[in-house]
Protein chains: 2
Amino acid sequence: MADDSNKTDQTVDFGVLNHLLGYRLRRAQMNFFSKFSEVCSDLGISPGLFAIIAIVERNPGLTQTAVAQALGNDRSAMVAAVDKLEKMDILERRPAINDRRSYALFMTQQGKAFFQTLNERVMEHEKIMASRLKNDEELEWLLNTLDVLSQ
Amino acid sequence: MADDSNKTDQTVDFGVLNHLLGYRLRRAQMNFFSKFSEVCSDLGISPGLFAIIAIVERNPGLTQTAVAQALGNDRSAMVAAVDKLEKMDILERRPAINDRRSYALFMTQQGKAFFQTLNERVMEHEKIMASRLKNDEELEWLLNTLDVLSQ
DNA sequence: TTTAAATTGTTTAGCATTACACCAATAAGT
DNA sequence: ACTTATTGGTGTAATGCTAAACAATTTAAA
């Protein structure tokens, strides 16, 4: 009806926004981000830090830039992150054996144990969110579809 | 095999990260964000600004906080955004008729035309991304699924 | 009616993220 | 030997998000 008076009713028409993948993706991702923070903030771990830990845990000895490239981050952003994780005694820098410029990243003993509990929490949260889907097949389909849209 | 030597091979094992919805969502959303910027940065419109315009276009007369609540933003973040959109002559603040505290937001004449071209670009980009999916049914399913994961 | 509480737009500050240019040390290619 | 590329690191600017505070104003309570 598009009258020129002020809107006082509660309903808001989202129009094209409701059919845009980008907007829906943003809402879903922000929800995951806040939920993740609720679950892991007391451990001092953000989603970004968790990603770094997960990569180093599965690929011990990677250099900082290798981790940054894998995650699509800037090299410079790794410095503060690794500094923090090193101070938290989760991982450590060791001089690379064949390149005196670079460090190789390894989990500390305590870091390995820390990742266990951290991973448990994340997987628990993941299960809760995944339980909103119909079945495992739908979850697999969603993961694949998101991957298709990521390149 | 988890040897203690430095990794020199190209392949990186993403481990649990590959199966986490949050990580896949983030990658997909970041891809959409950068693609959106490529398409609309010359118009000076970010995804967040587009959302505001889309809401005001469909709901003329909403107050700033009403738009903020609809989009899940903070009221304070609206100020700079509306300032910018007002300077770009896309929308305007009018004093609310029944509340001298608040402004009602309306599209300008030029703003309506601007939204036309802006919307065309966004929908074109949307079609390209959606074409990666199998069919319209899959797109609808994805939109619904993302909505389920957004609350 | 008077008073207290809530709301609106706004400003400001802090925080994290991202991007970019730059640097010294080192490695690699010619 | 010499040039170029790479690595970790620093600094900086822009951005987005939160939270707190504030004056003006509205609403609710007494």
Side-chain angles (χ1 to χ4, degrees), chain A residues 6-8 10 26-27 29-38 40-41 44-52 56 61-87 91-105, chain B residues 6-8 10 22-23 26-27 29-34 36-38 40-41 44-52 56 61-86 91-105:
Chain A
N6 293 321
K7 289 208 69 153
T8 53
Q10 304 281 14
R26 183 185 131 91
R27 293 299 285 255
Q29 200 250 324
M30 283 197 60
N31 186 38
F32 267 78
F33 186 90
S34 65
K35 292 269 171 56
F36 187 102
S37 298
E38 289 176 14
C40 295
S41 65
I45 296 297
S46 65
L49 289 181
F50 176 79
I52 294 176
V56 173
L62 280 186
T63 66
Q64 289 185 190
T65 52
V67 175
Q69 284 175 345
L71 292 174
N73 297 338
D74 196 290
R75 288 198 316 276
S76 61
M78 292 290 298
V79 181
V82 175
D83 282 354
K84 181 172 182 179
L85 293 176
E86 215 172 18
K87 272 173 192 158
L91 50 81
E92 60 177 344
R93 290 182 239 236
R94 298 184 198 165
I97 55 179
N98 49 356
D99 191 334
R100 278 189 292 178
R101 294 171 302 177
S102 53
Y103 296 114
L105 300 179
Chain B
N6 294 324
K7 289 207 72 155
T8 52
Q10 304 279 17
Y23 181 70
R26 182 184 132 90
R27 293 300 284 256
Q29 200 251 325
M30 284 196 59
N31 185 38
F32 267 78
F33 185 90
S34 66
F36 187 102
S37 298
E38 288 175 15
C40 296
S41 65
I45 297 297
S46 66
L49 290 180
F50 176 79
I52 294 176
V56 173
L62 280 186
T63 66
Q64 289 185 191
T65 52
V67 175
Q69 283 175 346
L71 293 174
N73 296 337
D74 198 292
R75 289 198 315 275
S76 60
M78 291 291 299
V79 182
V82 175
D83 281 354
K84 181 172 181 179
L85 293 176
E86 216 172 18
L91 49 82
E92 60 177 344
R93 289 181 240 235
R94 299 185 198 164
I97 55 179
N98 50 356
D99 191 334
R100 279 188 292 177
R101 294 171 301 180
S102 53
Y103 296 115
L105 301 179

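Every chain is numbered from 1, with letters handed out A, B, ... down the list of sequences.
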In whole angstroms, how far is the [atom2] atom of [N] from the [atom1] atom of [X]?
X       : N       : atom1 : atom2 : value
R100(A) : dA24(C) : CZ    : P     : 18 Å
N73(B)  : dT8(C)  : CG    : P     : 15 Å
M78(A)  : dA19(C) : CE    : C1'   : 16 Å
N98(B)  : dT8(C)  : CG    : P     : 12 Å
L105(A) : dG9(D)  : CG    : P     : 9 Å
R94(B)  : dT8(C)  : CZ    : P     : 20 Å
Q29(A)  : dG16(D) : CD    : C1'   : 13 Å
D83(A)  : dT17(C) : CG    : P     : 14 Å

For [N], does OP1 or OP2 lie under 4.0 Å from any side-chain N or O of [X]?
X       : N       : result
Q64(A)  : dG9(D)  : yes
R26(A)  : dG16(D) : no
R75(B)  : dT10(C) : no
S46(A)  : dT17(C) : yes
S102(B) : dT7(C)  : no
S76(B)  : dT18(D) : no

Do Q29(A) and M30(B) touch side chain to side chain, with heavy atoms closer than 4.5 Å?
->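 No, too far: nothing below the 4.5 Å cut-off.
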
Taking side chain as C-beta onward, heavy atoms only, is L85(B) less than 4.5 Å from I45(B)?
-> yes

Compare every heavy atom of L71(A) with every heavy atom of R27(B), then report the nearest pair and how far apart it is.
->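 Nearest heavy atoms, R27(B) then L71(A): NH1-O, 3.8 Å.
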
Minimum heavy-atom distance between A68(B) and M78(B), given as atom pair plus value = CB-CG, 3.5 Å

Of the listed nucleotides dA19(C), dG8(D), dA19(D), the one nearest the side chain of D74(B) |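 Per side-chain heavy atoms of D74(B), the pick is dA19(D).
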
Does the pair V82(A) and L91(A) meet the rule for a side chain to side chain contact (heavy atoms under 4.5 Å, CB included), with working shown?
-> CA-CA 8 Å; V82(A) 175; L91(A) 50 81; 3.9 Å; yes

Closest nucleotide of DNA chain C for L49(A) versus for V82(B): which of these residues is on the 5' side?
->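 Looking at DNA chain C, the more 5' nearest nucleotide goes with V82(B).
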
First of D99(A) and A77(A) reached from the 5' end of DNA chain D, by closest nucleotide | D99(A)

Considering heavy-atom distances to DNA chain D, does M30(A) or R101(A) have its closest nucleotide positioned more toward the 5' end?
->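 Closer to the 5' end of DNA chain D: R101(A).
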
